[in-house]
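Letters go in sequence order (proteins before strands), and every chain restarts at 1. All heavy atoms count here, side chains included; hydrogens, waters and symmetry mates do not.
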Amino acid sequence: MLKLLSSSSSCLHARAHIQQHPQINIIKLCSTISISENPSSLSFNLPLVSDLIAKQHWSELKTHLKDSTFITVLHQLIDSGADPELTLRYFNWAQKGQNVPRNIEITCRLLQSLSNAKKYPKMRAFLDEFVRRNEKHSVSSIFHMLSMSSNHFCANSIIVDMLVLAYVKNSKTNSGFEAFQRAGDYGFRLSKLSCNALLSALVKENEIGYVEFVYKEMFRRRIEADLYSFNIVINGLCKVGKLNKAKDVVDDMKAWGVAPNVVTYNTIIGGYCKLGGLGRMHKADAILKEMVANNICPSVITFNILIDGFCKDENVAAAFKVFEEMRRQGLKPNLVTYNSLINGLCCDGKLEEACGLRDKMLGLGLKPEIATYNALINGFCKKKMLKEARELFDNISERGLVTNVITFNSLLDAYCKNEMKEEAYELHNMMIERGVLPNTSTFNCLIHGSLRQGNIETARKFLQQMEAEGLKADCITYDILINALCKDGEPRKAERLLNEMFTKGLSPRHVTYNTLMDGYCREGNLKAALNLKTRMEKEGKRANIATYNVLIKGYCMQDKLVDANVLLNEMLEKGLIPNRTTYEIVKVEMMDKGFVPDIDGHLHNISSS
DNA sequence: ATAGGGTTAG
């Protein structure tokens with residue numbers, strides 16, 4: 001009963017749309033009248049045409065139809081109730097070689113006859129081809145046509161459902177989303193299959209706002225979400241750090257009687273691992289416990305996520321504990337496991353252990369990849385063990401691996417940072433010779449290297465070369481330049497670069513603003529520094545602890561201790577907890593000069609009272 | 001449907 005009600009109301013809805021577009025209606029009306037009211041005026045013999053199509057006698061058909069248009073024949077075939085597969089065959093033949101006009105109306109009618117005859121695989125192929133041909137038919141024109149030229153509501157729903165899927169499969173997610181949305185306007189029912197595909201594509205494109213919309217719409221339209229739908233949505237939310245919302249979806253799924261599985265838990269654990277901030281690994285660990293308590297067995301992937309998380313949290317010891325636990329449970333560590341651990345050890349400066357682990361994986365028959373070696377090379381570079389790094393670099397091809405841009409960048413950066421200009425340039429040339437294209441990071445290393453040697457001209461040359469090669473400056477390029485200018489006592493020039501970032505669609509990070517404020521503070525221009533703080537807040541970046549540290553220090557340097565205290569209070573009111581740097585500034589610059597802290601940590605100037 | 005590759009800045 002409910003279903004009946006909802007479909008009749010959508011018919012009304014569809015009708016309302018038609019009335020808004022009378023011009024389309026008239027065209028449709030004319031074409032129908034001219035053909036079906038005057039069948040005697042046809043200049044061809046329909047049964048003969050059908051027969052010729054069935055036998056694929058195309059040249060005969062062409063001769064026979066020479067006075068009729070493609071469109072007329074198609075309409076006639078459909079109206080006569082011919083086998084839709086025959087009509088489709090004729091359509092494809094005509095479209096392929098006969099230079100016929102693209103016509104959305106006839107396309108829709110053909111689809112409807114296929115849909116009524118339940119020729120689903122043919123429809124899928126047809127729609128796939130239709131979407132791939134990339135004709136400029138708007139989604140709305142397709143919907144208008146469909147709703148006008150048939151009263152078979154279910155047939156249309158199936159077409160629309162397949163259309164969404166075809167769009168998504170051919171990476172036209174925007175059109176897929178639009179079709180999804182319009183399907184709601186017209187009341188066409190979509191399957192969870194195409195909704196899931198759409199959700200998945202939106203997650204891949206980081207359009208999480210749309211993911212949330214589709215998810216909510218599915219409920220509203222009573223499209224039953226399944227385990228996949230929930231997991232995809234959870235993944236999308238985790239990807240952008242909306243862990244609380246992701247957990248709400250877990251509650252949703254439970255309420256709908258869908259039990260979270262290992263993928264659900266892995267996704268949430270991964271979400272916490274990627275989340276910045278303290279205690280994130282603790283939360284990830286808590287989910288692991290919850291999962292076990294719910295009788296969901298952790299998999300190799302679960303452990304890999306945790307191991308990588310702990311490594312990135314600079315807690316290799318905890319990562320190894322997880323590694324042990326993993327093996328205790330009889331799970332076999334794989335390449336990902338070892339790569340994460342090796343990278344963790346390298347970042348921790350434990351190069352012998354990292355190499356040992358590499359040997360161990362070789363012994364287990366796991367072949368290290370280029371990323372494994374990149375981690376090792378980078379590890380040696382960070383410890384200034386350039387000889388060892390170079391040795392690994394030179395031996396990579398012997399191991400059947402190919403150096404990539406990251407391999408080169410790691411070593412190149414190390415050369416730049418250790419004043420080995422010649423080696424750096426040689427490497428830059430070598431990568432070009434070997435066909436490894438330098439990227440923006442490569443140039444960032446070279447630019448930074450030149451600037452740190454005070455060679456502004458060379459830096460400018462690299463910047464120009466980079467742009468000449470079609471590479472765009474990124475946030476890091478700007479950070480490097482802004483930093484250098486501030487150190488040079490040129491914060492005004494640096495701020496011009498900040499402005500430039502916006503024109504290039506780059507959004508400066510907190511540190512960029514903080515660097516600039518520091519630049520102004522150093523030259524005593526507190527007003528400019530404060531203006532920057534206002535500006536960053538306007539641009540949606542909240543002042544952080546580092547921001548306040550820079551400003552408080554700036555005020556202290558000018559002996560404006562009362563103003564510094566105002567900023568300190570503001571920081572505390574915002575719930576920002578002073579760190580070690582704050583404390584050092586406050587201790588030396590304020591407490592030693594007459595300020596005394598009260599029980600809440602606020603400072604009071606006793607010398608003035 | 002879930003991991004992940006690693007480089008540049010700070």
Side-chain angles (χ1 to χ4, degrees), chain A residues 196-197 199-201 203-204 225-236 238-239 246 253 260-271 273-274 291 296 298-309 311-312 333-344 346-347 368-379 381-382 389 403-414 416-417 427 431 436 438-449 451-452 466 471 473-484 486 508-515 518 544 546 550:
Chain A
N196 287 352
L199 284 169
S200 181
V203 169
K204 249 186 217 122
D226 63 5
L227 181 61
Y228 282 71
S229 330
F230 288 115
N231 282 348
I232 296 165
V233 174
I234 290 167
N235 181 33
C238 285
K239 228 174 138 183
M253 71 194 281
N261 70 349
V262 62
V263 174
T264 320
Y265 283 105
N266 286 351
T267 309
I268 302 266
I269 292 173
C273 288
K274 274 201 267 303
M291 141 178 212
I296 306 286
S299 64
V300 174
I301 292 179
T302 319
F303 285 107
N304 283 349
I305 294 168
L306 282 164
I307 287 171
D308 196 58
C311 286
K312 299 254 156 74
N334 62 17
L335 234 125
V336 177
T337 324
Y338 282 100
N339 282 347
S340 290
L341 285 169
I342 288 173
N343 189 40
C346 287
C347 291
E369 299 167 295
I370 186 64
T372 321
Y373 281 98
N374 285 346
L376 289 168
I377 289 172
N378 189 42
C381 286
K382 291 286 136 65
T403 44
N404 62 13
V405 67
I406 294 169
T407 328
F408 276 101
N409 288 352
S410 296
L411 198 55
L412 185 79
D413 185 58
C416 287
K417 287 199 168 109
L427 212 58
M431 65 192 290
V436 179
N439 60 15
T440 300
S441 306
T442 317
F443 281 100
N444 286 345
C445 298
L446 289 165
I447 292 165
H448 192 205
L451 288 173
R452 84 171 41 236
M466 177 173 111
L471 296 168
D474 61 11
C475 280
I476 296 175
T477 320
Y478 278 98
D479 275 353
I480 292 166
L481 297 172
I482 287 172
N483 221 337
C486 286
R509 301 163 316 142
H510 280 98
V511 280
T512 317
Y513 287 102
N514 293 347
T515 308
D518 191 49
N544 60 17
V550 166

For [X], which contact category applies under a 4.0 Å heavy-atom criterion: base, sugar-phosphate, or nothing?
X	result
A:Ile305	sugar-phosphate
A:Asp226	nothing
A:Asp308	sugar-phosphate
A:Val511	nothing
A:Asp413	sugar-phosphate
A:Lys312	nothing
A:Ile370	base

* Asked: Under the side chain to side chain contact (heavy atoms under 4.5 Å, CB included) test, which residues partner A:Leu335, sequence neighbours left out?
  -> A:Asn339, A:Met361, A:Leu366, A:Glu369

* Residues two or more places apart in sequence or in another chain: which of them pass side chain to side chain contact (heavy atoms under 4.5 Å, CB included) with A:Ala484? -> A:Leu451

* **Set of residues satisfying ring-ring contact (aromatic ring centres under 6.0 Å, His included) with respect to A:Tyr373, sequence neighbours excluded** => none

* Structure fact -> Rounded to whole Å, the CZ-C1' distance (A:Phe230 to B:dT2) equals 17 Å

* To do: Can you tell me the distance, in whole Å, between the CD1 atom of A:Ile307 and the C1' atom of B:dT2?
  => 16 Å

* **Residues within residues 441-448 of chain A bordering DNA chain B, heavy-atom distance below 4.0 Å** => A:Ser441, A:Asn444, A:Cys445, A:His448

Give a yes/no answer on whether the side chain of [X] brings an N or O atom under 4.0 Å of OP1 or OP2 in [N].
X	N	answer
A:Lys239	B:dA1	no
A:Lys204	B:dA1	no
A:Lys382	B:dT8	yes

* To do: Write down the atom of A:Asn404, the atom of A:Val436, and the distance for their closest heavy-atom approach.
  => C-CG1, 3.8 Å

* Asked: Among B:dA9, B:dT8, B:dA3, which nucleotide sits nearest the side chain of A:Arg509?
  -> B:dA9

* To do: Using side chain to side chain donor-acceptor pair (under 3.5 Å) as the criterion, list what pairs up with A:Asn409, not counting sequence neighbours.
  => A:Asn439, A:Thr442

* Asked: Sequence neighbours excluded, which residues qualify as side chain to side chain donor-acceptor pair (under 3.5 Å) partners of A:Ser200?
  -> none

* Going by modelled atom types, is there a donor-acceptor pair between the base of B:dA1 and the side chain of A:Asn261 at under 3.5 Å? -> yes

